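Heads up, the thing below is written out as structure tokens.
Computed from a prediction, not measured in an experiment: that's the story for all the values here.
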Amino acid sequence: MRAIILYVFIIVSVVAMGIQSSEQQADAQMPLRHVAGASLAIVPAIYDTTGLMNHAEEASMYVQAEDEDPAAEPQTSEASIALSEGNGFELDSVNGISLYDTPEAVVSKLGEPVSKSVDDLWGDLEVYEYSDMEIAFYGEFIQYVNIEADKALQVDGETLSITKSALTKAFGQPDYTAEDGIVFQRDDAVLKLFLDEETHEPQYVSYYHIATV
């Protein structure tokens, strides 16, 4: 009888050790994933021979974050970086002027122009001359806003240099490249930097609606 009891005890011990070993192997093989800089351990559910979950059941119901540091600096997403570099500009306004401003709205914002003239190329355009830019109207609609390269440029309230490198940094790669300049488009609004075809030095920027092209 003692021999039988000893034999059963040995068998039970071997089975228990085998289960423990299986659990250790499962723990060792747990996949690691990285989310937002933290190592995440996905804890699997382990079933015993009776079909019931053992202690790993509760652990398998959630994802454990390892090595979390609550004082760590938040990571900056690519979208945030792009926005901080200016790619979030919508071209809603240039130097405070919207493409949908009427002549009355422009005068209300900027005051009376220094002078008014007719566009040399397009005789049906009336040009309002200001000290830092010129605004051309076709009737009640703005045709373009031109700003010389040595003047101040503000896009959506932010000051930018009128250079190829500065505008490319602000808007990203040009949407179009022409012999006489580079073009940035946001929906129906367009900003073009005109460059000297020989020296490639900036001459002026033009702000206009895509429909006027």
Side-chain angles (χ1 to χ4, degrees), residues 73 75-213:
E73 291 290 333
Q75 293 190 354
T76 305
S77 66
E78 292 184 3
S80 298
I81 294 173
L83 186 61
S84 67
E85 290 181 349
N87 295 336
F89 291 152
E90 297 297 331
L91 283 176
D92 292 327
S93 68
V94 166
N95 284 19
I97 301 301
S98 162
L99 292 175
Y100 301 97
D101 283 341
T102 62
E104 292 77 15
V106 169
V107 171
S108 176
K109 290 179 178 180
L110 305 179
E112 290 292 337
V114 175
S115 64
K116 297 180 181 180
S117 61
V118 175
D119 186 279
D120 295 335
L121 183 60
W122 308 99
D124 52 357
L125 298 184
E126 185 177 22
V127 181
Y128 285 23
E129 300 281 352
Y130 287 92
S131 60
D132 57 347
M133 60 183 165
E134 60 181 20
I135 305 171
F137 294 93
Y138 179 75
E140 291 292 301
F141 302 99
I142 287 180
Q143 286 294 106
Y144 62 76
V145 178
N146 286 351
I147 304 170
E148 297 294 327
D150 61 346
K151 303 298 183 181
L153 171 66
Q154 283 193 339
V155 178
D156 298 344
E158 297 293 331
T159 301
L160 302 174
S161 298
I162 302 180
T163 64
K164 183 177 180 180
S165 60
L167 294 182
T168 300
K169 182 178 180 180
F171 290 93
Q173 291 302 312
D175 295 285
Y176 308 99
T177 300
E179 292 182 358
D180 59 348
I182 56 177
V183 178
F184 306 96
Q185 182 177 347
R186 297 294 184 271
D187 295 329
D188 296 330
V190 176
L191 186 76
K192 181 174 181 178
L193 172 63
F194 284 86
L195 302 170
D196 184 279
E197 294 186 26
E198 294 183 359
T199 65
H200 301 291
E201 291 295 319
Q203 296 180 308
Y204 65 96
V205 294
S206 187
Y207 175 52
Y208 54 91
H209 193 284
I210 188 65
T212 65
V213 176

Check side chain to side chain donor-acceptor pair (under 3.5 Å) between Y144 and all other residues, then give those that pass, not counting sequence neighbours.
->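 Counting only residues at least two positions away or on another chain, Y144 forms a side chain to side chain donor-acceptor pair (under 3.5 Å) with D119.
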Just jot down the side chain to side chain donor-acceptor pair (under 3.5 Å) partners of T159, sequence neighbours excluded, or say none.
->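 So T159 forms a side chain to side chain donor-acceptor pair (under 3.5 Å) with Q154.
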Decide if atom CZ of F141 counts as having more than 12 heavy atoms of other residues, nucleotides or ligands within a radius under 6.0 Å.
->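 Count not over threshold, so no.
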List the steps and the verdict of side-chain contact (heavy atoms from CB on, under 4.5 Å) for I142 and Y208.
-> CA-CA 8 Å; I142 287 180; Y208 54 91; over 6 Å; no
Exercise: identify the closest heavy-atom pair between [X] and [Y]:
{"X": "F89", "Y": "A170", "answer": "CE1-CB, 4.0 Å"}
{"X": "S93", "Y": "G157", "answer": "OG-N, 4.4 Å"}
{"X": "G172", "Y": "F184", "answer": "O-CE2, 3.3 Å"}
{"X": "S161", "Y": "A166", "answer": "O-CB, 3.5 Å"}
{"X": "A152", "Y": "N95", "answer": "O-ND2, 3.3 Å"}

Taking atom [atom1] of [X] and atom [atom2] of [Y], what is their separation to the nearest 0.5 Å?
{"X": "D92", "Y": "Y100", "atom1": "CG", "atom2": "OH", "result": "9.5 Å"}
{"X": "I135", "Y": "L99", "atom1": "CD1", "atom2": "CG", "result": "10.5 Å"}
{"X": "D187", "Y": "I210", "atom1": "CG", "atom2": "CD1", "result": "11.0 Å"}
{"X": "K151", "Y": "I162", "atom1": "NZ", "atom2": "CD1", "result": "10.0 Å"}
{"X": "L153", "Y": "L160", "atom1": "CG", "atom2": "CG", "result": "5.5 Å"}
{"X": "T168", "Y": "Q173", "atom1": "OG1", "atom2": "CD", "result": "6.0 Å"}

Test side-chain contact (heavy atoms from CB on, under 4.5 Å) applied to E104 - qualifying residues, sequence neighbours left out =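 side-chain contact (heavy atoms from CB on, under 4.5 Å) list for E104, sorted by chain: T102, E140.
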Take D175 and R186 through the test salt bridge (Lys or Arg N to Asp or Glu O under 4.0 Å) and record every step on the way to the result.
-> CA-CA 9 Å; D175 295 285; R186 297 294 184 271; 3.5 Å; yes
Donor-acceptor pairs under 3.5 angstrom involving side-chain atoms of residues 199-206: please list them, not counting sequence neighbours.
from	atom 1	to	atom 2	distance (Å)
T199	OG1	D196	OD1	3.2
T199	OG1	E201	N	3.3
S206	OG	N146	OD1	2.7

Side chains of [X] and [Y] in contact at under 4.5 Å (non-hydrogen atoms):
{"X": "V155", "Y": "F171", "value": "yes"}
{"X": "Y130", "Y": "V106", "value": "yes"}
{"X": "M133", "Y": "I97", "value": "yes"}

Would you please test Y176 and V190 for side-chain contact (heavy atoms from CB on, under 4.5 Å) and show each step?
-> CA-CA 10 Å; Y176 308 99; V190 176; over 6 Å; no
Keeping to residues at least two apart or across chains, list the salt bridge (charged side-chain N to carboxylate O under 4.0 Å, His left out) pairs with something in residues 153-164.
->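 Residue pairs passing salt bridge (charged side-chain N to carboxylate O under 4.0 Å, His left out), neighbours aside: none found.
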Apply the test side-chain contact (heavy atoms from CB on, under 4.5 Å) to residues I147 and Y207: give CA-CA distance (whole Å), side-chain angles for both, the deciding distance (0.1 Å), then the verdict.
-> CA-CA 9 Å; I147 304 170; Y207 175 52; over 6 Å; no
Check residues 109-116 and write down every donor-acceptor pair under 3.5 Å in which the side-chain atom is one partner and the other belongs to a residue at least two apart or another chain.
from	atom 1	to	atom 2	distance (Å)
K109	NZ	G96	O	3.1
K109	NZ	D101	OD1	3.4
K109	NZ	D101	OD2	2.7

